[in-house]
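Just below is one structure, and these are the notes that go with it.
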Amino acid sequence: MRVKHLLGHQSLKYKNALRATGEVIMPFKRPRPPPVPHATNSSSTSTLLSTNHEHKRLRRGCLHGIKAYILSAKIDGAEYEILIGEAEENGAELCKTPAEADIIVTAIGMKKRLERHIDWNMAKGKAVVRPDWIRDSVKKSEALPCGDYAAISDLLDSSIENCPESSSSQSQPPDQAEASTSQHQSTKESTLPDLVYEPRYKSRFACERYSPLICPNQDLVKELHIIKLAREMESEERSALSYSRAISAIKAFPEKIKSMSQISDIPYLGDKLTGMIQEFLSKSTISQARQLSSDTRYQTLISFTSVYGIGPHTARHLYDLGLRTFDDLSRYLGSDDNAEGSGGSFAWREGLRLRDELSVKIPRAEVEEMGRLVDNALQDILPGSESTICGGYRRGKLESNDVDIVFTHPQGQGNKANNMIARLVERMRKDGLITHTMHAPSVRSKGSLRPPTNHDGWDTLDKSLTIFNLPKTSPYYKGIHRRLDLIYAPREVYWTAVVGWTGSTMFERDLRLWAKQKGLKFDSSGITRRRDTKALYATSERDVFKLLELEWIEPRLRNADL
DNA sequence: AAAGAC
DNA sequence: TCTTTGC
DNA sequence: TTTTTGC
DNA sequence: AAAAAC
């Protein structure tokens, strides 16, 4: 066929393009070497605040200026994330080591146990309090006296003495606030008063549950994940969906499952899944998963689909042709004459060529560096723009497969924001940062102020799926290509887009189902009322939840997939 | 929804 | 038209 | 038993 | 594969 000719031609063109961009040294605007703030999540923000009315007032934070260390021992995973989120949002500075902190928050109540984690002499120099100190302080909008929350009786005096004060200007009259919210509680026992998250895991919606990155039943979930992948490889999507739901339900279950009686409240566990869990309880393994793991077809399909552009259908096709390894694949794609016509597409070749690099995980620090570079380019094009790193990074993953950055234009004129994606990508391409564009931006949102209304579910945001490479001058430069997704959202739907691109997948699916059930329609390009298709605009991420009548869930607790 | 291959 | 792409 | 399962 | 009733 003449495909041969076409492919050859395009390959060449690409090689040249790569060579050219590879050598270009970035003209100006070198990123300042990482100021390295804290490894908290979110935004490579340029102008985070000031856009956000509702945030603004509350901001300032009752814990502002307090350096806190939260000891994770004896605190449930979800609980821990909530504490961190609460502390952070209220202005506390979280420390990586107890030494840097003014105050240590711990659920441990005994001296001996605490000493296993923290040097006793150091502890004596600081306030050491129970987790409810954070909660109550937030509730009262003031850093409360540590004496009432001393974690360990031997440290009561030193905790009182070393109790930090918030630098937030507005210290409220502390006096009788006490009475209003709850009557009991100061001076009392060490129970964590958590009616908060008690029955949450029972919900049928992942967007109502707290799903930590790693759950107490992670091994079980991994086993089920293998079976789920196998179903996907065979295009048994409904079956795969059932496994996905079971996995996300189990991920939100707060304790290690030791007996079958515990799982009766977990949704989406029918006969099949129940049987598998039973097997797992006795053998710590699931035979079907073990079997698949060593199955050639399974392994081959998994590896083929790891090539960008190859999905289950194509993977099965290649397998049926007798191919088994990347070498086979390479040979097949490389061979010019296939009587059959397709010796594979251009996209597949590029995908295969880049596969090894793209399969290398990206550490958080490098994700942040990428975020800075994108934001620098963005500020050049349209000063005052905002961006947020979403995806797995924002959910707290230590390593990412790719980087998703959602951005929007400055508050002023919406119209100046035309072709933001195209301009940003072009700028970064010229700087040698972007080497490939896998999916060109649509030419939508021309002179638009509103997101185009979508009739069908995929978001209508302008986006570009690209391949990125750090400049050689970056301290993080490894010469490895990375997947970078850039998403432009008009201002009015910026927060919707951030929620939509933070994930996880099951969290997003259930957000849509939840919204539907509430008579609304959610996707990353907006929330609309189904009755009259009236658009509802959120002014903050929390506002998105509010409009959907959902309780707030931290990004780090949206890990409803494996 | 959009792109690319068929 | 079919497949893949995103969270 | 039939339909739905994210768009 | 599981749950709602579409």
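Chain letters run A, B, ... following the sequence lines, proteins first and then strands; every chain starts at 1.
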Next item on the list: Send over the distance from A:Tyr308 OH to C:dT5 P, rounded to a whole Å.
Entry: 7 Å

Notebook entry, point to check: On a whole-Å scale, what distance lies between the C1' atoms belonging to B:dC6 and D:dT1?
Noted result: 40 Å

Item checked: Residue A:Lys272, side-chain heavy atoms: nucleotide from C:dT4, C:dC7, E:dA2 that is nearest -> E:dA2

Check: Which of the following nucleotides, C:dT3, D:dT5, E:dA3, is nearest to the side chain of A:Arg204?
Finding: E:dA3

Note to self: For the NZ atom on A:Lys478, are there more than 12 heavy atoms of other groups (residues, nucleotides or ligands in this structure) within a distance under 6.0 Å?
What the structure shows: yes

Notebook entry, point to check: Side chains of A:Ser248 and A:Arg209: donor-acceptor distance under 3.5 Å anywhere?
Noted result: yes

Next item on the list: Return the nearest nucleotide to the side chain of A:Arg395; candidates are C:dC7, C:dG6, D:dT5.
Entry: C:dC7

Note to self: Categorize A:Tyr243 for me: base, sugar-phosphate, or nothing, with a 4.0 angstrom heavy-atom threshold over every strand shown.
What the structure shows: sugar-phosphate

Note to self: With a 4.0 Å cutoff (strictly under), does any side-chain N or O of A:Thr505 reach OP1 or OP2 of D:dG6?
What the structure shows: no

Margin query: Please find the pair of heavy atoms, one from A:Thr496 and one from A:Gly526, that lie closest to each other, and give the distance.
Written below: CG2-N, 3.6 Å

Notebook entry, point to check: If only side-chain N and O atoms of A:Lys516 are considered, is one of them under 4.0 Å from the OP1 or OP2 phosphate oxygen of D:dT5?
Noted result: yes

Margin query: Base, sugar-phosphate or nothing for A:Arg245? Non-hydrogen atoms, less than 4.0 Å.
Written below: base

Next item on the list: Please state how far atom CG in A:Asp510 lies from atom C1' in C:dC7, giving the value in whole angstrom units.
Entry: 13 Å

Notebook entry, point to check: Side-chain donor-acceptor pair under 3.5 Å between A:Tyr298 and A:Gln291, yes or no?
Noted result: no

Check: Among E:dA2, C:dG6, C:dT3, which nucleotide sits nearest the side chain of A:Leu273?
Finding: E:dA2

Next item on the list: Assign A:Ile487 to base, sugar-phosphate, or nothing according to its heavy-atom contacts below 4.0 angstrom with the strands shown.
Entry: nothing

Next item on the list: Please report, rounded to the nearest Å, how far the C1' atom of E:dA1 is from the CD1 atom of A:Ile277.
Entry: 13 Å

Checklist line | Out of E:dA2, C:dC7, D:dT5, whichever nucleotide has its closest atom nearest the side chain of A:Asp402 | finding: C:dC7

Item checked: Side-chain donor-acceptor pair present, A:Arg355, A:Ser306, cut-off under 3.5 Å -> yes

Next item on the list: Take the protein atom CZ of A:Arg316 and the nucleotide atom P of C:dC2, then report the distance between them rounded to whole Å.
Entry: 14 Å

Check: D:dG6 phosphate, OP1 or OP2: any side-chain N/O from A:Arg509 under 4.0 angstrom?
Finding: yes

Check: Taking the same atom, C1', in D:dG6 and in C:dT5, what whole-Å distance lies between them?
Finding: 15 Å

Margin query: In this structure, how many angstroms lie between the C1' atom of D:dG6 and the CG atom of A:Leu520, rounded?
Written below: 15 Å

Check: Which parts of residues 262-271 of chain A get close to DNA chain D, meaning a heavy atom less than 4.0 angstrom away?
Finding: none

Check: Once the angle between the rings of A:Phe205 and A:Trp514 is folded into 0 to 90°, is it parallel (under 30°), tilted (30 to 60°) or perpendicular (over 60°)?
Finding: perpendicular

Item checked: Centroid-centroid distance, A:Phe304 to A:Tyr319, less than 6.0 Å -> no

Note to self: Checking contacts here: which listed nucleotide (C:dT5, E:dA1, C:dT3) is nearest the side-chain heavy atoms of A:Ser239?
What the structure shows: E:dA1

Note to self: With a 4.0 Å cutoff (strictly under), does any side-chain N or O of A:Arg483 reach OP1 or OP2 of C:dT5?
What the structure shows: no

Next item on the list: Answer yes or no on whether A:Arg558 is positioned over the face of A:Trp501, meaning its NZ or CZ is under 6.0 Å from the six-membered ring centre and within 45° of the axis.
Entry: no

